[in-house]
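To start, the structure under review is shown below, and the notes come after it.
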Protein chains: 2
Amino acid sequence: MLNKLLTPNGPGRPKDPAKRAAILEAAQRLFMRNGYDGSSMDAIAAEAGVSKLTVYSHFTDKETLFSFAVKSKCQQQVPELLFELAEGVPIEPVLLNIGRSFHQLINSAESIELHRVLISRGAQDGKLSQMFFDAGPQRLIDEMQQLLIKADASGLLNIANPLAAADQFFSLVKGGCNFLLLIGCAKPQSDSEIDNHIRDAVALFVRAYRP
Amino acid sequence: MLNKLLTPNGPGRPKDPAKRAAILEAAQRLFMRNGYDGSSMDAIAAEAGVSKLTVYSHFTDKETLFSFAVKSKCQQQVPELLFELAEGVPIEPVLLNIGRSFHQLINSAESIELHRVLISRGAQDGKLSQMFFDAGPQRLIDEMQQLLIKADASGLLNIANPLAAADQFFSLVKGGCNFLLLIGCAKPQSDSEIDNHIRDAVALFVRAYRP
DNA sequence: GTCTATATAGCGATAGAC
DNA sequence: GTCTATCGCTATATAGAC
């Protein structure tokens, strides 16, 4: 299954990598837009500009194609937040930067759609959700935990339980608005509202954990 | 449409209210367990022990049945949290009680399934999500806001923005674990872990907002 | 390896007997 | 009002030509 990707040239005529990429792209678009059940293999093939059998040739079945599409989408979404903590610098600006990046990440249309699809399918494919979680949220929590340990050691903050504090921080920045976007009845927020929200979250966090 | 519920006796033979109830119950079970697309009208009719046409007779089509099922489920889930705030009593125990009730509510299997279904369908039926939100989360936020205003007036807490603070409180109690349950890869938490989580959330909140 | 055409099954919704 | 039987449609997955 994997050697299709690693060694495109098997015995006989090689499969067209461009078509494979087109299929994967089309699958991502449709799965994210219409969900698993809402996306037919016909539609995916049409969107990719190939025949349906070509889709089945590259990816065994619908489940497999879905897994590859999600996996690829996760890798695109992998965040590059700034968890650096320079010496002798106050902590608020660092947390504000992380908060802004995280907020933008989880509330982007792409991210909301990905979450929606995973939640819809979550009950039936826990492995895929686990993969997503390890590649995404878990890494953010780990890095945040490391940053908070450093901040505690530097005397910038007073944090007894870094893991719990990391969870608290992300929960605060996430807020209730993200849930509204997920269920599809959110009023659009202005940039200033978003910024105020993040400021409030960081302020609450720092106030509670200051030495 | 509604008078079917209010006046079960129309002209001619009355429809069987017991069958209507059985259909609604079966629809709730299957929709919550297998989602919208995963639940066929055949399966619902079989689960209810009636014919499929009886289902169509009581509820116009699948969308309508789904709306009634979700609406009914929401009314069952309507929480009775304790937002009382007696005079001369510390605030922590009150927040702990609310936090525990809220945590139990949103992490129950029934609630997770309802959220999952709403999120899956959310993109396609925003009205239903709006109805759910008004009946559930919005009311909790409102009541929490009122409580925080009182707490501020009493000098128990120092809260400039009660709405934002209410959102922060619920976000903290909710935590990251709820999301894990939604995507279907959560390790079960022990009672003591849950209690510690809620204590930490309340502690953070009170520490930041103490006068 | 890729295409057109098709097999098989399940869906939502309906017609007509009782 | 409720039932059995069925229509019309669409889905996943496959067979055979090039």
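Chain A is the first sequence line, chain B the second, and so forth, proteins listed ahead of strands; every chain is numbered from 1. Just so you know, these numbers use all the heavy atoms, side chains as well, and skip hydrogens, waters and symmetry mates. Because the structure is predicted, anything quoted here is derived from the model rather than measured.
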Quickly work out the I23(B) CD1 to dG1(D) P distance and round it to whole Å.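 The distance from CD1 of I23(B) to P of dG1(D) comes to 13 Å, rounded to the nearest Å.
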Between R33(B) and E113(B), is there a side-chain N and carboxylate O pair less than 4.0 Å apart?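 Here R33(B) does not pair with E113(B) in a salt bridge, since their nearest N and O are not under 4.0 Å apart.
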So, R139(A) and D134(A), do they make that salt bridge, N to O below 4.0 Å?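 Salt bridge absent between R139(A) and D134(A).
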What residues, two or more places apart in sequence or in another chain, satisfy side chain to side chain contact (heavy atoms under 4.5 Å, CB included) together with D125(A)?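 Testing D125(A) for side chain to side chain contact (heavy atoms under 4.5 Å, CB included), a comparison that skips the adjacent residues, returns E63(A), S67(A), K127(A), L128(A).
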Holding to ring pair (Phe, Tyr, Trp, His ring centres under 6.0 Å), I want the full list of residues that pass it with F66(B), two or more places apart in sequence or in another chain.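 Partners of F66(B) by the ring pair (Phe, Tyr, Trp, His ring centres under 6.0 Å) criterion, ordered by chain and then number, come out as F31(B), Y36(B).
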How would you summarise protein contacts on nucleotides 5-15 of chain D per nucleotide, using B for base, S for sugar-phosphate only and - for none, with heavy-atom distances below 4.0 Å? ------SBBBB
Does one side chain, of Q146(A) or D142(A), offer a donor that lies under 3.5 Å from an acceptor on the other?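 Judged by distance alone, the side chains do not pair up.
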Mind checking if S51(B) touches a base, just sugar-phosphate, or nothing, with heavy atoms under 4.0 Å?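 S51(B): base contact, heavy atoms under 4.0 Å.
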At less than 4.0 Å, is any side-chain N or O atom of H58(B) found next to OP1 or OP2 of dT2(D)? Yes or no.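 So the side chain of H58(B) is within the cut-off, an N or O lying under 4.0 Å from OP1 or OP2 of dT2(D).
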